[in-house]
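Report on the following structure.
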Amino acid sequence: MNCIFCKIIDGQIPSYKVYEDENILAFLDISQLTRGHTLIVPKKHVKNIFDMDQNLASKVFESVPTIARALKKAFKPIGLNVVNNNQAPHQTVDHFHIHLIPRYEGDDFKMVFANHQDDLKEEDYLEVVKKIKENL
Ligand code: AMP
Ligand code: ZN
């Protein structure tokens, strides 16, 4: 399979590994959005969150706090973002991955949370809840 993360997992291309067990691999993101920026990937190839079963998800997500705490101890960031992109607009590698991005005073990493609360009425929230529940 022509997947760059599968090739990293197989050792066909090099990476800066920080943690590995039978289910997951954690390695430095080559872009280093901030110092310590790390990716966690399942060793099994799944494209994105929509393709993950619960068992694999639990294996991948359970490693997040451990690696987050290691980054906190190592680099003393002021905080840390956990980011996971699925499909558009920002998934560039189609092998599921979680970004751990330590945050520092004055860094240039941006996340924008626009607040649309003023545009919504209670019925709008209820409609959204209904739609989600119908599809669970
Ligand atoms: P995303 O935009 O969420 O799909 O992120 C994919 C990430 O993979 C980007 O932040 C890239 O910098 C990173 N990346 C791509 N190729 C490599 C590689 N060979 N080693 C480490 N990180 C990589
Ligand atoms: Zn893959």
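Numbering of ligands and ligand atoms starts at 1, following listing order. We number each residue from 1, following the sequence as shown.
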For the Zn ion (ligand 2), which N, O or S atom of H95 is at the shortest distance?
-> ND1

hydrophobic_cluster_shared for Y16 and I13, side chain cutoff 4.5 Å | no

T38 versus D29: any side-chain heavy-atom pair under 4.5 Å?
-> no

Does the side chain of I9 reach to within under 4.5 Å of the side chain of H95, using non-hydrogen atoms?
-> yes

Indicate if F109 and I67 have the same hydrophobic cluster label, given that clusters are the connected sets of ILVMFWY residues with side-chain heavy-atom separations under 4.5 angstrom.
-> no

Linked, directly or transitively: I101 and V60 (ILVMFWY side chains, under 4.5 Å) = no

Does ligand 1 have an atom that lies less than 4.0 angstrom from a heavy atom of L28?
-> yes

Quick one: nearest non-hydrogen protein atom to atom 17 (C) of ligand 1, plus distance?
-> I30 CG2, 3.9 Å

Answer yes if V64 and L25 sit in the same cluster of Ile, Leu, Val, Met, Phe, Trp and Tyr residues linked by side chain heavy atoms under 4.5 Å apart, and no otherwise.
-> no

Charged N to carboxylate O under 4.0 angstrom, K59 versus E22?
-> no

F27 heavy atom under 4.0 Å from ligand 1 = yes

Which ligand 1 atoms, with their elements, are less than 4.0 angstrom from a heavy-atom of Q91?
-> 4 (O)

Please write down residue, atom name and distance for the protein heavy atom closest to atom 1 (P) of ligand 1.
-> H97 NE2, 3.1 Å

Could you find the nearest protein heavy atom to atom 9 (C) of ligand 1 and give me its residue, atom name and distance?
-> D29 OD2, 3.3 Å

V93, F96: one ILVMFWY side-chain cluster at the under-4.5 Å cut-off?
-> no

Against heavy atoms of H90, which atoms of ligand 1 measure under 4.0 Å?
-> 1 (P), 2 (O), 3 (O), 4 (O)

Answer yes if the side chains of K44 and N23 hold a donor-acceptor pair under 3.5 Å, and no otherwise.
-> no

Shortest protein heavy-atom distance from atom 4 (O) of ligand 1, along with the residue and atom involved = T92 N, 2.7 Å

Where the Zn ion (ligand 2) is the centre, what is the ND1-to-SG angle for H45 and C3, rounded to 10°?
-> 110°

May I ask you to check whether I13 has an N/O atom sitting below 3.5 Å from an N/O atom of ligand 1?
-> no

Between F5 and F27, does the ring centre distance come in under 6.0 Å?
-> yes

In terms of heavy-atom contacts, does NZ of K7 have more than 12 from other residues, nucleotides or ligands at under 6.0 Å?
-> yes

Going by distance only, is there an N or O of H99 that falls short of 3.5 Å from an N or O of ligand 1?
-> yes

Are any of the N or O atoms of I8 closer than 3.5 Å to those of ligand 1?
-> no

Tell me, which protein residue and heavy-atom name are nearest atom 16 (N) of ligand 1, and how many Å apart are they?
-> I4 CD1, 4.0 Å

Contact atoms of ligand 1, heavy-atom distance to N85 under 4.0 Å = 1 (P), 2 (O), 3 (O)

Can you sort out which atoms of ligand 1 are near F5, meaning under 4.0 Å from one of its heavy atoms?
-> 8 (O)

Which of the numbered atoms in ligand 1 are below 4.0 angstrom from a heavy atom of S31?
-> 10 (O), 12 (O)

